[in-house]
Amino acid sequence: SKHRGAPPTVVVIFGASGDLTARKLIPAIYNLSHDNLLPADFHLVGYGRKPIPDEEFRADAAAAIKEFSRRELNAEVWGRVSERTTYVSGGYDDKAAFDKLAQHIAAIEKNLGREVQTLFYISTPPSVFAPILLNLGASGLASKYLGKNHHAKVIIEKPFGKDLASALALNQTIRQVFEE
């Protein structure tokens with residue numbers, strides 16, 4: 001495909017077993033794959049509190065595509081993403097679990113033999129945004145790629161804070177951990 005130039009990419013979805021992931025994120029990733037818009041080396045890592053085996057997470061994702069995607073599930077298109085879809089469980093305020101996530105991403109890199117860019121998609125209730133961001137910082141995941149070729153990026157699903165004060169506090173937390 002014409003996107004071979006894109007660096008290997010790992011997308012981590014926090015809140016991976018939640019409703020937003022099923023309704024929006026998994027179908028969106030599937031449709032990007034359908035349109036050949038994903039990098040050649042694309043890995044999806046779900047993260048959530050509930051321990052889910054990889055196979056079950058893949059099956060749940062396929063079911064979400066069947067139910068919510070504007071396109072029918074094409075086994076070959078989904079297979080390309082599915083075989084590189086894994087799941088890591090842990091608490092959002094559990095630094096050891098974030099270290100486990102960091103090791104998981106490092107293993108993907110080692111397997112590929114090159115650096116990956118990481119995108120952290122926070123699809124959780126707003127109450128756990130701050131612990132996730134702080135643990136991304138504490139585990140080194142946020143800064144691992146800063147200053148090198150690829151940057152770690154974070155996407156936060158709205159609502160961004162409950163009001164202006166909480167939005168400003170959250171922004172402060174993000175800026176401790178990520179550059180804008």
Side-chain angles (χ1 to χ4, degrees), residues 6-26 28-29 32 38-39 41-54 57 61 81 84-180:
T9 301
V10 175
V11 170
V12 178
I13 300 178
F14 291 101
S17 62
D19 193 51
L20 177 84
T21 300
R23 283 175 184 275
K24 298 277 194 291
L25 301 182
I26 298 284
I29 288 167
L32 287 170
L38 293 178
D41 286 313
F42 176 84
H43 293 257
L44 177 62
V45 179
Y47 184 102
R49 289 190 194 122
K50 200 165 83 179
I52 302 173
D54 291 349
F57 182 59
V81 178
R84 295 171 178 187
T85 294
T86 51
Y87 186 90
V88 174
S89 67
Y92 297 120
D93 51 4
D94 177 3
K95 180 173 173 293
F98 280 73
D99 292 338
K100 187 174 71 172
L101 175 62
Q103 287 157 10
H104 186 79
I105 295 169
I108 291 171
E109 275 192 322
K110 192 165 190 260
N111 194 24
L112 287 170
R114 51 195 288 228
E115 275 191 353
V116 299
Q117 69 175 353
T118 48
L119 180 66
F120 299 104
Y121 200 111
I122 303 181
S123 172
T124 62
S127 58
V128 293
F129 287 172
I132 290 171
L133 291 162
L134 293 171
N135 275 309
L136 284 174
S139 63
L141 280 165
S143 60
K144 183 173 187 305
Y145 308 106
L146 296 180
K148 294 196 192 161
N149 314 335
H150 315 315
H151 290 266
K153 297 180 181 70
V154 65
I155 297 173
I156 298 179
E157 204 36 66
K158 295 190 286 281
F160 191 89
K162 295 183 289 298
D163 50 30
L164 183 60
S166 62
L168 289 171
L170 180 57
N171 199 47
Q172 208 42 53
T173 303
I174 294 169
R175 292 181 59 191
Q176 285 170 33
V177 179
F178 286 90
E179 295 167 4
E180 276 196 49

Discussion item. For His104 and Thr86: C-alpha separation, side-chain torsions, deciding distance, then whether side chain to side chain contact (heavy atoms under 4.5 Å, CB included) applies.
Written reply: CA-CA 9 Å; His104 186 79; Thr86 51; 2.7 Å; yes
Worksheet item: Should Ser123 and Leu25 count as side-chain neighbours, where that means a heavy-atom distance under 4.5 Å?
Response: yes
Discussion item. Determine whether a donor-acceptor pair (N or O, by modelled atom type, separation under 3.5 Å) exists between the side chain of Tyr121 and the backbone of Gly15.
Written reply: no
Worksheet item: If every non-hydrogen atom of Glu115 is compared with every non-hydrogen atom of Glu109, which pair is closest and at what distance?
Response: CA-OE2, 3.2 Å
Practice prompt. Could you walk me through whether Thr118 and Leu141 pass the side chain to side chain contact (heavy atoms under 4.5 Å, CB included) test, one step at a time?
Written response: CA-CA 9 Å; Thr118 48; Leu141 280 165; 5.8 Å; no
Discussion item. If you take the centroid of each ring, where Trp contributes its six-membered ring, are Tyr47 and Phe98 closer together than 6.0 Å?
Written reply: yes
Worksheet item: Heavy-atom distance under 4.5 Å between the side chains of Ile105 and Val12, does that happen here?
Response: yes
Worksheet item: Does the side chain of Leu136 reach to within under 4.5 Å of the side chain of Phe14, using non-hydrogen atoms?
Response: yes
Worksheet item: Quick one: are Phe42 and Val81 in side-chain contact, heavy atoms under 4.5 Å?
Response: yes
Worksheet, complete the sentence: With sequence neighbours left out, the residues meeting ring-ring contact (aromatic ring centres under 6.0 Å, His included) with Phe57 are Tyr87
Practice prompt. Compare all side-chain heavy atoms of Lys95 with those of Leu134 and state whether any distance is below 4.5 angstrom.
Written response: no
Fill in: Heavy-atom closest contact (Ala102 atom, Ser139 atom, distance)
CB-O, 4.5 Å
Item to complete: Grab the two heavy atoms, one from Ala16 and one from Gly46, that are nearest each other, plus how far apart they are.
Response: CB-CA, 3.5 Å
Fill in: Reported CZ-to-CG distance for the pair Arg84 and Asn111, which is rounded to 0.5 angstrom
9.0 Å
Fill in: Validation row: Leu38, Thr9 side chains within 4.5 angstrom (heavy atoms)
no
Discussion item. Do Leu44 and Ile26 have side chains that approach each other closer than 4.5 Å (heavy atoms only, starting at C-beta)?
Written reply: yes
Discussion item. Determine whether a donor-acceptor pair (N or O, by modelled atom type, separation under 3.5 Å) exists between the side chain of Ser89 and the backbone of Ile52.
Written reply: no
Worksheet item: What closest approach, in Å, do Thr85 and Asp54 show between heavy atoms, and which atom pair accounts for it?
Response: O-CB, 4.5 Å
Discussion item. Apply side chain to side chain contact (heavy atoms under 4.5 Å, CB included) to residues Ile108 and Asp41 and explain how you reach the verdict.
Written reply: CA-CA 10 Å; Ile108 291 171; Asp41 286 313; over 6 Å; no
Worksheet item: With side chains defined as the heavy atoms from C-beta onward, is the minimum distance between Asp94 and Asn135 less than 4.5 Å?
Response: no
